[in-house]
Amino acid sequence: MQYWLMKSEPDEFSIDDLARAQRSGSAWFGVRNYQARNFMRDQMQIGDQILFYHSSCPEPGIAGLAEVSAEAYPDDTQFDPKSKYYDVKATRADPRWFNVDVRFIRKTRLLGLPELRKHKALAGMRLLARGNRLSITPVDPGEWKYITTKLLK
DNA sequence: GCCAACGTTGGC
DNA sequence: GCCAACGTTGGC
């Protein structure tokens, strides 16, 4: 079992949207970065735990907890010419993009970036690294424990 | 294979 | 809106 941090713009898809979604989970579609795709396709397993992060918004930070509810399968939006995630080079026979399904666990208080940066135990988080833009990053078990038991109790 | 140009992310 | 950082593209 692994831990992850997944970013979403709340204007696009927030923790509240996830909470309202069907119990089986929501497709994490739209990832168009190879590293993030590979994490989903090659490493994520059902039951993996997720820090749900709100990005590109007035208060960026961790907003809730979620879990992987389906392993990776081809991202439907890559085949849809009307989607902004359409990819001309992707075919059903040879899909380029994949997504997992993610299921709501609970909302948390907003654990903002400035607060995260205050904790030495979290200094190694990929999220906090300079210039990090990856929308999906692995989280250390120790970091997960620190965040969920100490900060989000 | 190099690398400049361009596009995107995302905090501020 | 600005801009730093990074990824992708495409000419050579």
Side-chain angles (χ1 to χ4, degrees), chain A residues 2-21 25-44 48-68 71-140 142-144 146-148 150-152:
Chain A
Q2 286 185 264
Y3 302 98
W4 306 94
L5 181 140
M6 299 176 84
K7 294 180 188 174
S8 183
E9 301 187 15
D11 286 350
E12 297 284 325
F13 191 75
S14 71
I15 189 70
D16 291 314
D17 293 323
L18 185 65
R20 279 192 293 269
S26 304
W28 202 263
F29 62 83
V31 169
R32 294 295 180 268
N33 168 283
Y34 290 105
Q35 238 184 310
R37 177 203 69 181
N38 293 348
F39 283 141
M40 286 199 283
R41 191 191 58 187
D42 305 334
Q43 290 189 237
M44 284 191 175
D48 279 8
Q49 302 292 109
I50 298 161
L51 299 170
F52 192 108
Y53 180 91
H54 282 171
S55 67
S56 294
C57 58
E59 264 197 296
I62 294 164
L65 305 182
E67 66 182 353
V68 174
E71 286 181 18
Y73 55 93
D75 178 338
D76 267 339
T77 61
Q78 71 193 301
F79 309 123
D80 177 5
K82 291 193 213 81
S83 168
K84 70 170 172 174
Y85 299 115
Y86 179 61
D87 185 336
V88 196
K89 294 178 187 155
T91 63
R92 292 199 183 267
D94 188 17
R96 180 182 282 206
W97 305 110
F98 292 79
N99 64 253
V100 294
D101 283 356
V102 167
R103 175 201 291 145
F104 178 77
I105 294 180
R106 68 177 175 94
K107 280 183 78 165
T108 63
R109 72 182 176 89
L110 200 282
L111 180 49
L113 264 190
E115 186 178 349
L116 287 168
R117 291 191 202 283
K118 280 187 204 154
H119 297 271
K120 268 218 190 75
L122 306 178
M125 283 188 82
R126 191 105 179 242
L127 172 74
L128 304 180
R130 224 176 122 64
N132 173 61
R133 297 182 310 164
L134 246 197
S135 66
I136 300 177
T137 50
V139 172
D140 280 359
E143 293 162 352
W144 173 272
Y146 188 89
I147 290 170
T148 55
K150 270 202 83 170
L151 305 183
L152 294 177

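Owing to the predicted nature of the structure, the values given are computational and were not obtained by experimental measurement.
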Problem set entry | A:K89/A:D94 salt bridge by N-O under 4.0 Å criterion | no
What pairs of nitrogen or oxygen atoms, one from the protein and one from nucleotides 7-12 of chain B, lie under 3.5 Å apart?
| unit_1 | atom_1 | unit_2 | atom_2 | d |
| --- | --- | --- | --- | --- |
| B:dT8 | O2 | A:R133 | NH1 | 2.4 |
| B:dT9 | O3' | A:R133 | O | 3.4 |
| B:dG10 | OP1 | A:K7 | NZ | 3.0 |
| B:dG10 | OP1 | A:R133 | O | 2.7 |
| B:dG11 | OP1 | A:Y53 | OH | 2.7 |
| B:dG11 | OP2 | A:S56 | N | 2.9 |

Taken in chain and number order and not counting sequence neighbours, the residues that satisfy salt bridge (Lys or Arg N to Asp or Glu O under 4.0 Å) with A:R32 are A:D75
* Asked: Do the ring planes of A:F29 and A:Y85 sit parallel (below 30°), tilted (30 to 60°) or perpendicular (above 60°)?
  -> perpendicular
*Between A:D48 and A:Y3, does any side-chain donor sit less than 3.5 Å from a side-chain acceptor?*
no
- prompt: Is a salt bridge present between A:E12 and A:K84, judged by a nitrogen-to-oxygen distance below 4.0 Å?
  reply: yes
